Amino acid sequence: MSLALYNTLTRRKEPFEPIEPGHVRMYVCGPTVYDEPHLGHARAAIAFDVIRRTLEALGMRVTYVRNVTDVDDKIIARAAEGGRSPWEVAEENTRAYDDAMRALGVRPPTLAPRATGHISDMLRLIGVLVERGFAYTAGGDVYFSVERSGGYGRLSNRTLEEMRAGERVEPDARKRHPMDFALWKAAKPGELSWPSEWGEGRPGWHIECSAMSMKYLGETFDIHGGGLDLIFPHHENEVAQSTGATGSGFARFWLHNGFVTVNREKMAKSLKNFVTVREMLGAWPAPALRYLLVSAHYRSPIDFSPEAVEDAAGAWRRLAGFARNAGAALASAGAAVPGAAPALGALLPGARIGTSGTEGGEWRERFAAALEDDVGCPEAIAVLFDLVASANRMIERAESRASELAAALGAFRDLAAVLGLDPGAWDAPRRGGSLAPAVELLLRVREEARAARDFARADEIRSALADSGIVVEDRPGGPRWYLAG
RNA sequence: GGCGGUGUGGCCGAGUGGCUAGGCAAGGGACUGCAAAUCCCUGCACCCCGGUUCAAUUCCGGGCGCCGCCUCCA
């Protein structure tokens, strides 16, 4: 089997092959940094993080570009409210975004270009569009002419007539067609601006993605992604601009992630029903959040609620518990414990899910097949749980060979890593070890109490540790402890 | 109104023309000083109405509900 992806452009699943064999070029619309990231941003970033890891795990090299929109009306407005500069606002929120994504195990893209660093590229592109007759000036503004663009509306599957029928905004008198959109906006006095042959101004929103994607990935590249809400007008306009300027095709596959909803409604600033990543991380373990956002197919909505996160946390505990138990079982059998998958954030292929012939080949094959079908994470997760149940039975039954369990754990780590859910990778950073001597002393005291059948004292110690986030399990071979979460 | 998506057991969430994923929660059992973790067992789901078929949750037609987009939006 080979990889198939759902392409918004054709509204079908299509076999995917990169233009350059073995090398995928992918561009995803990143955040507009006017506020701190909410769960919706996390969902998008994680969706494409998993897509990227999947491509890599299937043996492809991925050049992944995700932009930062750091010039925009909302940033300017936010700056004005706080009496700060737009630069400051953008900088602060870019940092908040990066921190949040790192905490959720989202690997940094290959490149994260900022709009303000590419003004000259945008001006050049606008110049070409004006030259070729796809754009016109009106005052200090430059507009793109949708009527000049062949096939405008193809991506969002609607015609210009249909769009006009649904018009909700008063047409701007300076536009030739109501759907024409700004490539360059004349600066208002005192506003952030750059010089151009059309006067002082700043770029429209859509042109930055055309300029930056083509600069780093070429005129035609493999995958362009973003949230479902960007299909129209943002991506439609990108297509129009880019194909207008180059005369050749733009992105071949368009991938769009579904929303995070609250009470089945889109999470959005305007509805005031959003939850920031920071708030979430304060209340729940990061891997539980990541699990929640990976557990649904990337195109489906995920309805957020405290119960949903609680369920995800439970599922995550089962996965993490398995890695712990299997590791301990192997160690006590004197067998080698498979190493953790590459650390989070490492610019390395997410995993080695190589198929038949390898240890744990059957699970690897099923897992790969799930992801090859339009990145079917729910199915892939089901394989992971099947593996866990099966390997737990090996642990339970003493007659199982250590080599078999080691293969299962190795496969588990490799496969979970494709989803960014390898427990080893999450545990490593916080295994400071500074707690260990104190905890182990308490556990020795507790063992003495248990030996003396002073269970009140033993339970007291256990619950005191629990209050500090340390879970104690009494095993046949003695107590074991770990950090909760 | 146009376009797109979606409707599965208490909840989340795959999938399939008959052999009916997975997780969480729940109940019972094993293990344990008690727990925890783990294992075993249990619950007979597919919006409605027609049609095709030996057989439909799965295919076709119609209807209804919900969600999204229609120049803020991941």
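So that the names make sense, note that chain A is the first sequence line, chain B the second, and so on, each numbered from 1. This is a predicted model, so every value here is computed, not measured.
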Q.
Base, sugar-phosphate or nothing for A/Asp386? Non-hydrogen atoms, less than 4.0 Å.
A. sugar-phosphate
Q. Partner of B/C39 by Watson-Crick or G-U wobble geometry, both contacts under 3.5 Å, or none?
A. B/G29
Q: Quickly work out the A/Arg299 CZ to B/G7 P distance and round it to whole Å.
A: 12 Å
Q) Starting at CG of A/Leu293 and ending at P of B/G13, how long is that distance when rounded to a whole Å? A) 12 Å
Q. Nearest-Å distance, CG (A/Asp459) to C1' (B/G33)?
A. 8 Å
Q) When we call it a touch if two heavy atoms are under 4.0 Å apart, what does A/His297 touch: a base, just sugar-phosphate, or nothing? A) sugar-phosphate
Q: Rounded to whole angstrom, note down the P distance from B/C64 over to B/C39.
A: 47 Å
Q) Hey, is the side chain of A/Arg450 pairing donor to acceptor with the base of B/G33 inside 3.5 Å? A) yes
Q: Any strand is fair game: report the nucleotide pairing with B/U6 by Watson-Crick or G-U wobble, both distances under 3.5 Å, or none.
A: B/G65
Q | A/Trp316: partners by side-chain hydrogen bond (donor to acceptor under 3.5 Å, both in side chains), with sequence neighbours left out | A | none
Q: Could I get the full list of side-chain hydrogen bond (donor to acceptor under 3.5 Å, both in side chains) partners for A/Thr69, not counting sequence neighbours?
A: A/Asn67, A/Glu208
**Q.** Distance between P atoms of B/G63 and B/A55 (Å, rounded)
**A.** 26 Å
Q.
Please pick, from B/U38, B/G22, B/A14, the nucleotide with the shortest atom-to-atom distance to any side-chain atom of A/Arg318.
A. B/U38
Q. Base, sugar-phosphate alone, or nothing: which one does A/Phe322 contact when heavy atoms must sit under 4.0 Å apart?
A. nothing
Q) With a non-hydrogen cut-off below 4.0 angstrom, is A/Gly40 in contact with a base, only sugar-phosphate, or nothing? A) base
(Q) Quick test of the criterion, 5.5 Å between centres and less than 30° between planes. Is A/Phe455 stacked on B/G33 or not? (A) yes
Q.
I'd like to know whether the aromatic ring centres of A/Phe181 and A/Tyr143 sit less than 6.0 Å apart in this structure.
A. no
Q: Kindly point out which of B/G5, B/A74, B/C3 is positioned nearest to the side chain of A/Glu162?
A: B/C3
Q: Using whole Å, report how far CD of A/Glu238 lies from P of B/A74.
A: 13 Å
Q: With RNA chain B as reference, determine whether A/Arg366 or A/Asn392 sits nearer its 5' end, using the nearest nucleotide of each.
A: A/Arg366
Q) Across all strands, who's sitting opposite B/U20 as a Watson-Crick or G-U wobble pair, both distances under 3.5 Å? A) none
Q | Sugar-phosphate, base or nothing in reach of A/Arg393, heavy atoms under 4.0 Å | A | sugar-phosphate
Q. Taking OP1 and OP2 of B/A14, is either one under 4.0 Å from a side-chain nitrogen or oxygen of A/Ser300?
A. yes
Q | C1' gap between B/G33 and B/C24, integer Å | A | 30 Å
Q. Is the shortest distance from a Lys or Arg side-chain nitrogen in A/Lys185 or A/Asp73 to a carboxylate oxygen in the other one below 4.0 Å?
A. yes
Q. What is the distance from NZ of A/Lys13 to P of B/G15, rounded to the nearest Å?
A. 7 Å
Q. Looking across every strand, which nucleic acid part, if any, lies under 4.0 Å from A/Val472 by heavy atom: base, sugar-phosphate, or nothing?
A. base
Q) What nucleotide, of B/G23, B/C72, B/C69, holds the atom closest to the side chain of A/Phe232? A) B/C69
**Q.** Nucleotide of B/C24, B/A36, B/C67 approaching A/Ala315 most closely (side-chain heavy atoms)
**A.** B/C24
Q: Could you tell me the separation between the CD atom of A/Glu447 and the C1' atom of B/G33, rounded to a whole number of Å?
A: 12 Å
Q. What interatomic distance, in whole Å, is found between C1' of B/C47 and the corresponding atom of B/C66?
A. 11 Å
**Q.** Distance flag, aromatic centroids of A/Tyr6 and A/His297, threshold under 6.0 Å
**A.** no
(Q) Can you check the distance between B/C59 and B/C54, where both ends of the measurement are the C1' atom (answer in whole Å)? (A) 16 Å
Q: Would you mind classifying the nucleic acid contact of A/Leu230 as base, sugar-phosphate or nothing, using non-hydrogen atoms under 4.0 angstrom?
A: sugar-phosphate
Q) Do A/Lys266 and B/C67 share a donor-acceptor pair, side chain to base, under 3.5 Å? A) no
Q) Base, sugar-phosphate alone, or nothing: which one does A/Pro378 contact when heavy atoms must sit under 4.0 Å apart? A) base
Q: Could you check A/Arg43 against A/Leu271 and say which one's nearest nucleotide on RNA chain B is further toward the 5' end?
A: A/Leu271
Q) Any idea which of B/C67, B/A74, B/C73 is nearest the A/Arg264 side chain? A) B/C67
Q) Over how many whole Å does the gap from A/Tyr27 atom OH to B/A74 atom P extend? A) 13 Å
Q | Options B/G33, B/C39, B/G68, nucleotide nearest the side-chain atoms of A/Arg446 | A | B/G33
Q) Looking only at N and O atoms, is any donor in the side chain of A/Asp474 or the base of B/C34 less than 3.5 Å from an acceptor on the other one? A) yes
Q) Choosing from B/C3, B/G22, B/U38, which nucleotide comes nearest the side chain of A/Asn157? A) B/C3
(Q) Checking A/Thr32 against A/Asp72: is there a side-chain donor and acceptor pair closer than 3.5 Å? (A) no
Q: Pick base, sugar-phosphate or nothing for A/Ala308, based on heavy-atom distances below 4.0 Å to the nucleic acid.
A: nothing
Q: For A/Val383, answer base if it contacts any base atom (sugar-phosphate contacts may also be present), sugar-phosphate if it contacts only those atoms, and nothing otherwise; contact means non-hydrogen atoms under 4.0 Å.
A: nothing
**Q.** Which nucleotide in B/A37, B/C11, B/C39 has an atom nearest any side-chain atom of A/Glu396
**A.** B/C39
Q: Using atom OH of A/Tyr34 as one end and atom C1' of B/C73 as the other, report the distance to the nearest whole Å.
A: 7 Å
(Q) Parallel, tilted or perpendicular, judged at 30° and 60°: which one describes the rings of A/Tyr216 and A/His118? (A) perpendicular
Q.
Over all strands shown, is A/Ala313 touching base, sugar-phosphate only, or nothing at heavy-atom distances under 4.0 angstrom?
A. nothing
Q | Nucleotide nearest A/Tyr482 (side chain, heavy atoms from C-beta), chosen from B/A36, B/A74, B/U38 | A | B/A36
Q: For A/Gly226, answer base if it contacts any base atom (sugar-phosphate contacts may also be present), sugar-phosphate if it contacts only those atoms, and nothing otherwise; contact means non-hydrogen atoms under 4.0 Å.
A: sugar-phosphate
(Q) If you go through the side-chain atoms of A/Arg462, does one of them form a donor-acceptor pair with the base of B/A35 closer than 3.5 Å? (A) yes
Q: Give none if B/C34 has no partner; otherwise give the nucleotide forming a Watson-Crick or G-U wobble pair with it, both distances under 3.5 Å.
A: none
Q. When you measure from the side chain of A/Asp311, which nucleotide among B/C11, B/A74, B/U38 comes out closest?
A. B/C11
Q: Would you mind checking if A/Arg475 and A/Glu473 are paired as a salt bridge, meaning a charged N to carboxylate O distance below 4.0 Å?
A: yes
Q) Could you walk me through whether A/Phe250 and A/Phe221 pass the ring pair (Phe, Tyr, Trp, His ring centres under 6.0 Å) check? A) CA-CA 7 Å; A/Phe250 186 49; A/Phe221 53 94; 5.1 Å; yes
Q) How is A/Gly258 classified with respect to the nucleic acid when contacts are heavy atoms under 4.0 Å: base, sugar-phosphate, or nothing? A) base
Q. Taking the same atom, C1', in B/G18 and in B/G22, what whole-Å distance lies between them?
A. 22 Å
Q) Base, sugar-phosphate, or nothing for A/Glu307, non-hydrogen atoms under 4.0 angstrom? A) nothing
Q: Identify which one of A/Leu5, A/Leu255, A/Val418 satisfies the side chain to side chain contact (heavy atoms under 4.5 Å, CB included) criterion when paired with A/Val375.
A: A/Leu5
